[in-house]
Amino acid sequence: MLGLQQDSSEMNKKAAMSGFESIMWVPKGILVAAALLILTIVFGMFVIDTVDVKSIHSMVFANHLLYDKNGVAYFDEGIKRVYPGIIDLDKFSTAVVETNIVMATSTLLAAKATLNSKESLYYKERQYGQWFPRRSIAGQGGSQEFLISKNVADSLFNSGTALFSILTPNTAK
Amino acid sequence: MFLKQKKGAEKQFYMMAELLFAAVVILAFFFFVSSKISDTTLEKNYVARDIALLMEAIYAAPGQLEYTYPVGYDFSIRIAASGITVWDDKGNAHYWYSHDNAVVHEPGEFVFAFKGNKKEIKFIKKNEQLLITCSGCSRTALK
């Protein structure tokens, strides 16, 4: 009788232990999942899979406007010669630039070029007005401004400065 | 005695299950790391951006120009007015450039599929025409 009682109490203990161990698997699983998630996030933070070329692209775009004969560079039709750095005042207009230089995706870059702080041309004028950073708050809705200054001359050989303000939205990668 | 033996076996079972669980977690993490290492997203993004910047630089260059661009990877590259798309069997990357409307691309829109040792794209700008050819690749015109 006493032996049977001992067996029964040991069985109860065993059942309780088994239940306890099963319950302990839940926090263990949660802990391992959390550790795995943290490791994946930390690892992901160090994985670089893109290259930020926004500033380089802004510079190249300014050069494209300035040196391309279909941009604002002076072009002598008679001898078919382009004069890099010499701006044709007749071509220094929003309409000419937007006709000749086309972006299939219009939501990636907008620009304003000012010649000698007087004449201005816009590339994607509406976007430029919308994107212009009014407050320096970082985030998806904002944009980054790149200022590029170039020494130029106009077609009358008056030297001066062309200032490019190029905006790229923060969402463009 | 019998109960003690059973309890021992149960502890062993739990220990084995824990080890198995840990092995599965470690293996899953190694597979994740391995997939990231063999991933070519950075290379594709790099090539797409590099060619896009090159296209704008070519437009900006006054006069005639001949330039050979070494690709270096077994990628397929689509050069179109809408941008540069680079892809392989693992995925694709796209980057844009501002297209010069007056420059005619020969032969228009096309895909270069690179495979082999010599992987190059040759850009020849002459008389408002931009001829784009390749070596070490097959070329498919889309338009």
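Letters go in sequence order (proteins before strands), and every chain restarts at 1.
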Which atom of Y123(A) lies closest to which atom of S98(B), heavy atoms considered: OH-CB, 4.4 Å
R49(B) side-chain N/O to V51(A) backbone N/O, donor-acceptor pair under 3.5 Å: yes
Hydrophobic cluster membership, F32(B) vs I38(A), 4.5 Å side-chain cutoff: no
Distance (rounded to the nearest 0.5 Å) between D68(A) CG and E56(B) CD: 10.0 Å
I48(A) with V86(B), same ILVMFWY side-chain cluster at under 4.5 Å: yes
Heavy-atom pairs under 4.5 Å with chain B, option from L36(A), N63(A), D49(A) with the top count: D49(A)
T50(A) to L42(B) - nearest heavy-atom pair and separation: N-CD1, 3.8 Å
Flag if over 12 foreign heavy atoms under 6.0 Å of CZ, F146(A): yes
Linked, directly or transitively: I26(B) and V33(B) (ILVMFWY side chains, under 4.5 Å): no
Parallel, tilted or perpendicular: ring planes of H57(A) versus Y95(B), cut at 30 and 60 degrees: tilted
Interface moiety of F43(A) toward chain B, non-hydrogen atoms closer than 4.5 Å: side chain
Best-contacting candidate, D100(B), N45(B), D39(B), against chain A by heavy atom pairs under 4.5 angstrom: D100(B)
Under 4.5 Å from a heavy atom of chain B, the part of V32(A) involved: side chain
Among T99(A), V47(A), T40(A), residue most engaged with chain B (heavy-atom pairs, under 4.5 Å): T40(A)
Chain A contact via A17(B) - which portion, at a heavy-atom distance below 4.5 Å: both
Cluster link V60(A) to L163(A), ILVMFWY, side chain under 4.5 Å: no
Largest heavy-atom contact set with chain B, pairs under 4.5 Å, which of K69(A), K28(A), H64(A): H64(A)
Rounded distance (nearest 0.5 Å) linking atom CG of L109(A) with atom CH2 of W96(B): 4.5 Å
Residues of residues 73-98 of chain A with any heavy atom under 4.5 Å of a heavy atom in chain B: V82(A), P84(A)
Within 6.0 angstrom of L37(A) CG, more than 12 heavy atoms from elsewhere: yes
Joint cluster assignment, L39(A) & V24(B), ILVMFWY side-chain distance < 4.5 Å: no
Segment of E128(B) engaging chain A (4.5 angstrom heavy-atom cut-off): side chain
F13(B) CZ: over 12 foreign heavy atoms closer than 6.0 Å: no
